[in-house]
Amino acid sequence: IAFVADEPRIESFTKILGLPLSIAVNYTTVGCNETAFPGGVDFSGTHINIARSIDTLLNARREEFAACKSYEEFFALFQSILKDTLDEALYYQNLFNYARSKDADVISSLFMPGCIENAKSATQGGAARHSANLNLTGLMCVIDSVSIIKQLVYDEKRVTARELCELLDNDWGDGELRAYVHSRGKFFGNNDEHSQSVAIAVTNALYEIISPLTELFGHKLLAGCFEGYNPHSTWFGAAPPATPDGRKR
């Protein structure tokens, strides 16, 4: 639990009301993002390495990948895997919020519009102002990996899907194809139609998957990249195997 920007409130409870810290922390919302919405609460809690979708494609769903005869067929498979990945993230986020809802947050909730009217504390979904996010790391790895798969497997037919998977199993083998990817690969950000179309397709897929979803208390979800200011990116970046965008294990 991070007491970021909550020190003044906790301090006022301990000094003015005379509550010991061990009790005061049970009466205020704690975390890093609540102050983004004054008088509101954040229902995030899951930071997911979305590159897991690529890992699943290359390993657990390899036979289906190898059987795809066109890029369109491949992308439909990828989109189904992406949905499973996000559904899993939301499942754990809901578990987190369910556990947090057991804390009534009495004092903070008194100052949040909606809690008294709804007879629910902020952490139980009572606040009128709220946000609910799925925080993603590794989105560029996903976009670039899909772009390189499209280029190497379906457009240029330089390797088959199975050959690419086996090469990645071997951490790019002798590195010849990896060198080609680094020198000729179509990566997002280079203003080319190929990678831009892939980036649009991936972000549209995210939108289609997330739009109908709600979290535990019925709030609509937002998705965004989660980078910087803490070690999440480092931890998640150390986890994936070799990926099609040229990243080694």
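To the nearest 0.5 angstrom, Arg162 atom CZ is 12.5 Å from Leu58 atom CG. To the nearest 0.5 Å, atom CD of residue Gln124 and atom SG of residue Cys115 are 9.0 Å apart. Taking CZ of Phe96 as the reference point, atom CG of Leu90 lies at 13.5 Å (rounded to 0.5 Å). Taken to the nearest 0.5 Å, the OG atom of Ser197 stands 11.0 Å off from the CG atom of Asn204.
The backbone N or O of Val142 sits nowhere less than 3.5 Å from a side-chain atom of Ser145 that would complete a donor-acceptor pair. Not a single donor-acceptor pair under 3.5 Å links the side chain of Arg249 to the backbone N or O of Ala242. The closest donor-acceptor contact from the side chain of Gln151 to the backbone of Arg184 lies under 3.5 Å. With hydrogens and angles disregarded, no donor-acceptor distance shorter than 3.5 Å links the side chain of Asn190 to the backbone of Asp192.
Between Phe43 and Gln93, the shortest heavy-atom distance links the atoms O-NE2, 3.1 Å.
Using a 4.0 Å cut-off between charged side-chain N and carboxylate O, Arg61 and Asp84 make a salt bridge.
When side chains are defined from C-beta on, Ile54 counts as touching Pro244, because their heavy atoms get closer than 4.5 Å. With contacts defined as side-chain heavy-atom distances shorter than 4.5 Å, the pair Asp169/Arg62 qualifies. Within the 4.5 Å cutoff, the side chain of Tyr71 has no heavy atoms near those of the Val153 side chain.
Using a 4.5 Å cut-off between side-chain heavy atoms of Ile, Leu, Val, Met, Phe, Trp and Tyr, with links allowed through other members, Ile200 and Ile143 fall into different hydrophobic clusters.
Ring orientation note: the planes of Tyr154 and Phe65 are tilted relative to one another, at an angle of 30° to 60°.
Between the side chains of Asn94 and Glu215, no donor-acceptor pair of N or O atoms lies under 3.5 Å.
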Next on the checklist: Using side-chain contact (heavy atoms from CB on, under 4.5 Å), reason through Lys186 and Lys150 one step at a time and then give a plain yes or no.
Outcome noted: CA-CA 10 Å; Lys186 297 178 180 178; Lys150 182 179 189 298; over 6 Å; no
